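A quick note: this is a predicted structure, and the numbers were derived from the prediction, not measured. What you see below is based on every heavy atom in this structure, not just the backbone, and it leaves out hydrogens, waters and symmetry mates. Nothing fancy with the numbering, it's 1 onward along the sequence.
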Amino acid sequence: MKRYHCHQGKDIFVTAGTARELAPGAFGILAIGGGAEGWSVAHRGPGGDVVDLGGEYYFGTPEEALEFVKELIDLMLGG
């Protein structure tokens, strides 16, 4: 899986790091326990605030998380 994706002009990073490493406006697919415990989704807003977008559930693979992020972006941008 690539570590960087772009969907409708929005940056998406797959990382084992934290959401603090994301640039403002970027989405992150974050490994939990190195990926062994799943994957979470986060967004760093333009003001620097980080929001966990996965809520109470996590994804088994980064590919599942990526599809979720793409759907969110589509909903946000109305496309």
I would like to know whether D11 and H5 meet side chain to side chain contact (heavy atoms under 4.5 Å, CB included); could you show each step before the answer?
CA-CA 6 Å; D11 294 326; H5 299 267; over 6 Å; no

To the closest 0.5 Å, what do you measure between [atom1] ([X]) and [atom2] ([Y])?
| X | Y | atom1 | atom2 | value |
| --- | --- | --- | --- | --- |
| T61 | W39 | OG1 | CH2 | 9.0 Å |
| K10 | I73 | NZ | CD1 | 7.5 Å |
| K70 | L72 | NZ | CG | 13.0 Å |
| I12 | L22 | CD1 | CG | 11.0 Å |
| F27 | M76 | CZ | CE | 4.0 Å |
| R20 | L30 | CZ | CG | 10.5 Å |

Assess the side chains of D52 and H43: does a donor N or O sit below 3.5 Å from an acceptor N or O?
no

In the single-linkage hydrophobic clustering (I, L, V, M, F, W, Y; side-chain heavy atoms under 4.5 Å), do I32 and F13 co-cluster?
no

Hydrophobic cluster membership, Y4 vs V69, 4.5 Å side-chain cutoff
no

Side chain to side chain contact (heavy atoms under 4.5 Å, CB included) between E21 and T18: does it pass, once the steps are laid out?
CA-CA 6 Å; E21 299 172 356; T18 68; 4.0 Å; yes

Show the numbers, then the answer: is there a side chain to side chain contact (heavy atoms under 4.5 Å, CB included) between V14 and K2?
CA-CA 7 Å; V14 179; K2 296 186 306 183; over 6 Å; no

Please find the pair of heavy atoms, one from P62 and one from I29, that lie closest to each other, and give the distance.
O-CD1, 4.1 Å

Return the minimal non-hydrogen interatomic distance between A16 and A31, and the atom names on each side.
CA-CB, 3.9 Å

